[in-house]
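What follows is a set of notes on a single structure, which appears directly below.
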Amino acid sequence: MANRWVYRTVDGEQIPGRVRPVFVGGDGRYILMNLAVYADGAVECGGPLLTLEELRTKIADGSITVQPSDGARVSAPALAEWRATDVRGYIDADMLHGELLDVVEQLNGRPDSKARCRRLIVAYRADRSEHARLAVRAAYLAIPAHRRRAVLSHLDPRNRVLRTFISEVGQPPAGADDGPEITERQFRDAVAELVEHSEALAEPVPSRIVAWDDVRESPTAALSQVPYARGWHDPPGVEALTPDYPARISAFGSSYPSITHAILALAAADPADHDRIARADGTAAARAAAKGVTRRADWHHRRLAVMGVLLRAKLTQHPELADILLATGDGRITYSSGDDGFWTAAGANWIGRLLETIRSELALSRTP
């Protein structure tokens with residue numbers, strides 16, 4: 001990624017982002033453009049904002065790429081136009097998507113895929129089980145391939161020790177289709193070296209990410225405000241945990257089609273506005289109905305507690321959704337939205353943090 005910072009403003013709050021060059025187009029014609037990815041997971045590339053999943057679709061169909069097809073016509077606006085020949089790409093589509101996911105983590109002050117791998121290496125010192133070793137292996141392979149260099153920095157500049165450690169005896173090194181097979185002695189030596197290196201990696205966690213200083217076994221559940229043009233998935237997945245999911249709830253003496261309807265309606269100072277928002281046909285209509293509405297004067301003091309009540313109501317009144325939440329294990333939960341940074345990973349990530357708290361409560365309540 002380029003080091004240039006960009007910002008966009010949402011409800012008066014600046015959302016930071018980073019840019020990188022990509023090619024946009026298709027059918028043999030591409031334009032060199034800057035793609036911006038923001039802390040809330042929104043992506044901007046010469047058109048309407050995209051979610052990371054929508055971006056993945058565009059990367060898959062080739063309309064956004066890091067490598068134009070050989071012979072394609074390429075242009076840089078107001079600079080030049082040329083034909084691509086002898087194209088040698090440095091990264092592929094999966095690497096690009098993984099890189100952007102890491103940038104979102106970095107923008108939020110959270111450990112990216114390389115940092116998570118390092119933390120699991122440190123954790124291996126205390127728990128030298130096969131489960132812990134395989135967790136390191138999974139974390140290493142989750143790092144975009146072009147960012148795997150020197151995971152242990154100068155301690156293991158070519159990842160020789162680490163790749164041997166995560167490999168199986170009698171098999172080529174992890175990440176290689178062929179090559180000399182790992183011997184039992186090489187594996188034992190790699191374990192010893194890795195444990196020694198891990199002591200140097202065990203540095204104090206920066207204060208900005210102290211909330212995530214634990215090593216979690218489950219992957220992050222990344223929720224986002226994504227419109228489902230063909231309808232919500234049936235059966236639903238983790239997207240059912242988002243405020244937009246159409247799960248009717250009863251709370252504060254009223255009934256709401258979704259949490260989005262409820263939180264917007266309950267913020268309104270005028271009861272007539274509350275009722276109009278609550279009756280809106282869909283979450284997009286609820287947002288439109290709430291636009292410009294006068295909020296309760298004490299809303300900034302109440303909104304966090306109100307959201308907690310609403311989330312608990314949803315998961316209590318719809319036990320199947322509680323099961324989905326519990327299935328996220330101990331993974332971090334993040335939420336991205338273009339509406340209000342207060343609730344999202346770009347701000348305090350309160351949706352994610354509340355869901356994690358409720359998940360712990362549910363787990364406790366179901367413990368014999």
Side-chain angles (χ1 to χ4, degrees), residues 1-8 15-108 112-114 116-117 140-151 175-177 219-220 222-230 239 334 336-338 345-346:
M1 294 291 291
N3 288 323
R4 185 162 70 84
W5 290 81
V6 291
Y7 297 88
R8 80 179 211 282
I15 309 296
R18 298 278 293 280
V19 299
R20 71 122 47 240
V22 295
F23 297 98
V24 179
D27 295 327
R29 295 190 68 88
Y30 295 90
I31 301 174
L32 181 62
M33 299 183 66
N34 275 330
L35 178 151
V37 59
Y38 295 94
D40 60 356
V43 178
E44 190 172 25
C45 190
L49 289 177
L50 305 170
T51 66
L52 285 166
E53 282 306 309
E54 290 169 333
L55 174 67
R56 191 180 190 103
T57 299
K58 288 187 174 291
I59 292 173
D61 67 23
S63 55
I64 293 179
T65 184
V66 287
Q67 185 174 327
S69 54
D70 200 41
R73 184 71 69 178
V74 184
S75 63
L79 287 178
E81 182 174 310
W82 65 95
R83 190 173 293 280
T85 58
D86 193 21
V87 179
R88 300 178 186 180
Y90 297 114
I91 68 174
D92 59 23
D94 287 338
M95 295 179 193
L96 172 61
H97 191 257
E99 174 187 297
L100 296 176
L101 291 175
D102 273 349
V103 171
V104 172
E105 297 285 54
Q106 294 161 10
L107 289 170
N108 285 286
D112 61 12
S113 59
K114 188 180 286 190
R116 290 194 292 271
C117 183
Y140 175 79
L141 296 177
I143 302 171
H146 66 302
R147 298 194 66 246
R148 290 177 190 165
R149 294 179 182 176
V151 172
D177 295 328
T220 296
L223 311 178
S224 62
Q225 185 192 100
V226 180
Y228 285 79
R230 293 187 174 89
E239 71 277 1
T334 62
S336 299
S337 164

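Everything numeric in this text was worked out from a predicted model, so none of it was measured.
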side-chain contact (heavy atoms from CB on, under 4.5 Å), that's the test. Do Y30 and V22 meet it? Break it down for me. CA-CA 9 Å; Y30 295 90; V22 295; over 6 Å; no
Could you walk me through whether V37 and E99 pass the side-chain contact (heavy atoms from CB on, under 4.5 Å) test, one step at a time? CA-CA 10 Å; V37 59; E99 174 187 297; over 6 Å; no
Can you tell me how far the [atom1] atom of [X] sits from the [atom2] atom of [Y], to the nearest 0.5 Å?
{"X": "L49", "Y": "L55", "atom1": "CG", "atom2": "CG", "value": "12.0 Å"}
{"X": "S113", "Y": "L141", "atom1": "OG", "atom2": "CG", "value": "11.0 Å"}
{"X": "K114", "Y": "R148", "atom1": "NZ", "atom2": "CZ", "value": "11.0 Å"}
{"X": "F23", "Y": "S75", "atom1": "CZ", "atom2": "OG", "value": "10.0 Å"}
{"X": "H97", "Y": "D92", "atom1": "NE2", "atom2": "CG", "value": "12.5 Å"}
{"X": "L101", "Y": "Q106", "atom1": "CG", "atom2": "CD", "value": "11.0 Å"}

Counting only heavy atoms not in R149, do more than 12 fall under 6.0 Å of its CZ?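 Not more than 12 within 6.0 Å, no.
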I'd like to know whether NZ of K58 has more than 12 heavy-atom contacts from other residues, nucleotides or ligands below 6.0 angstrom.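 For K58, atom NZ is not crowded (no more than 12 foreign heavy atoms under 6.0 Å).
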[X] and [Y]: which non-hydrogen atoms are nearest, and at how many Å?
{"X": "I15", "Y": "Y38", "answer": "O-CD2, 3.5 Å"}
{"X": "C117", "Y": "V151", "answer": "SG-CG1, 4.1 Å"}
{"X": "I91", "Y": "Q67", "answer": "O-OE1, 4.3 Å"}
{"X": "V104", "Y": "G41", "answer": "CG2-CA, 4.3 Å"}
{"X": "P144", "Y": "M95", "answer": "CB-O, 3.9 Å"}

Indicate yes or no: at least one non-hydrogen side-chain atom of R147 is less than 4.5 angstrom from one of D112.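 Contact flag for R147/D112 side chains = yes.
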With side chains defined as the heavy atoms from C-beta onward, is the minimum distance between L32 and P21 less than 4.5 Å?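 They are in contact (side-chain heavy atoms under 4.5 Å apart), so the answer is yes.
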Thinking salt bridges, do D102 and R18 make one under a 4.0 Å N-O criterion?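 Salt bridge absent between D102 and R18.
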Answer yes when R29 and D27 have at least one side-chain N-carboxylate O distance shorter than 4.0 Å, and no when they do not.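 Looking at D27 together with R29, the answer is no, because their closest N to O distance does not fall below 4.0 Å.
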Would the distance check show the side chain of R20 and the main-chain N or O of L35 forming a donor-acceptor pair, the cut-off being under 3.5 Å?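 Not confirmed, R20 side chain does not pair with L35 backbone.
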Is the backbone N or O of P68 less than 3.5 Å from a side-chain atom of T65, with the two atoms forming a donor-acceptor pair by type?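 Flag not set: sc T65 to bb P68 has no pair under 3.5 Å.
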For Y90 and H146, what are the C-alpha separation, side-chain angles and deciding distance, and is it a side-chain contact (heavy atoms from CB on, under 4.5 Å)? CA-CA 8 Å; Y90 297 114; H146 66 302; over 6 Å; no
Given side-chain contact (heavy atoms from CB on, under 4.5 Å), test I59 with R56 step by step and report yes or no. CA-CA 5 Å; I59 292 173; R56 191 180 190 103; 5.6 Å; no
